Undergrad: 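Take this structure first; my questions come after.
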Amino acid sequence: MSTIRLIDSHAHLDFAEFDADRDLLVADMKRANIDTCIIPGVSPEHWPRQLDIAHSYQWPFALGVHPWWAAEDWPGQVSQLRTQLYGLGGERRLVAIGECGLDKIRADNWQWQVPLLEAQLELAAELELPLILHCVKAHNELLSLLSRYKLPRKGVIHGFYGSVEIARRYIELGFKLGIGGLVLNGDASKLHKVVAELPIDSFICETDSPAMAPKSSHSRRNSPLIIVQIITKVADLQKKSDVLISERLLANVTQLFEL
Ligand SMILES: [Zn+2]
């Protein structure tokens with residue numbers, strides 16, 4: 001597997017958790033053939049730093065407002081997003097809108113999450129960009145929203161955790177599922193079933209670093225280095241070789257985001 005290029009489709013390497021040793025981590029990633037990370041956006045306050053880091057390492061990025069940051073002034077957040085997106089004018093490293101979505105664990109701002117997401121779905125349609133979607137305990141709401149919009153390049157449900165039935169409904173709408181560190185947990189049997197039963201074309205891999213460290217990890221901070229273990233686990237569940245699975249996952253991610 002070491003000769004195949006690996007991509008982490010979702011890593012917040014702009015976050016402060018990586019400030020002390022980002023260059024060292026990037027050197028370790030290069031040794032593991034992980035040459036690209038997509039850096040998702042989370043809020044207007046985070047974008048300037050995110051764009052600086054993405055540009056300095058020449059990483060692709062997405063821009064959007066994460067549901068945790070959905071505010072009462074969501075129309076203001078949307079207009080900032082619109083200005084930022086159009087200000088980048090054809091920047092080829094801008095590869096998606098996101099991350100955006102719905103999160104019912106954050107019930108306090110739910111009323112603003114929905115219109116904020118709808119505005120970002122409209123922007124994805126208008127700019128013909130794929131979406132990086134975050135969804136926690138709101139799959140039915142997200143599925144019904146996605147089916148109402150005409151989204152030319154679809155996108156990914158990142159850090160997917162749900163049943164085979166929910167997974168199939170996203171795939172029928174043309175979306176991919178982002179498989180991350182959760183798949184490495186021994187008790188993630190629902191996710192193991194999804195990865196084992198659905199076609200490999202349905203998946204891309206990701207880490208969501210610095211979050212979502214697998215239970216077996218010695219560090220609470222997750223890193224893109226676990227992409228290698230995720231691919232091995234996906235190959236194991238699909239009963240295929242690591243080489244074949246890493247080639248297929250690479251094709252899926254490069255096609256979705258036109259990398
Ligand atoms: Zn994320």
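Just so you know, these numbers come straight off a predicted model, no measurement behind them. Just follow the structure's listing: the first ligand is 1, and inside any ligand the first atom is 1.
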Undergrad: I'd like to know whether NZ of K137 has more than 12 heavy-atom contacts from other residues, nucleotides or ligands below 6.0 angstrom.
TA: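 Open.
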
Undergrad: Is H158 close enough to the Zn ion (ligand 1) that one of its N, O or S atoms comes in under 2.8 Å?
TA: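 Looking at H158, which is the residue asked about, there is no N, O or S atom under 2.8 Å from the Zn ion (ligand 1).
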
Undergrad: I'd like to know if the Zn ion (ligand 1) has an N/O/S atom from H66 within less than 2.8 Å of it, counting both backbone and side-chain atoms.
TA: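 For H66, the answer is no, given that no N, O or S atom comes within less than 2.8 Å of the Zn ion (ligand 1).
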
Undergrad: Would you mind checking if D201 and R248 are paired as a salt bridge, meaning a charged N to carboxylate O distance below 4.0 Å?
TA: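 Yes, R248 and D201 are salt-bridged.
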
Undergrad: Classify the ring geometry of W59 against Y57: parallel below 30°, tilted from 30° to 60°, perpendicular beyond 60°.
TA: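 W59 and Y57: parallel rings.
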
Undergrad: Determine which of the N, O or S atoms in D208 is closest to the Zn ion (ligand 1) and give its atom name.
TA: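 Nearest N/O/S atom: OD1.
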
Undergrad: Between the Zn ion (ligand 1) and E99, which N, O or S atom of the residue is the nearest one?
TA: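 In E99, the heteroatom (N, O or S) nearest the Zn ion (ligand 1) is OE2.
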
Undergrad: For W110, check side-chain hydrogen bond (donor to acceptor under 3.5 Å, both in side chains) against everything at least two apart and list the hits.
TA: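 Once residues adjacent in sequence are excluded, W110 has no partner under the side-chain hydrogen bond (donor to acceptor under 3.5 Å, both in side chains) criterion.
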
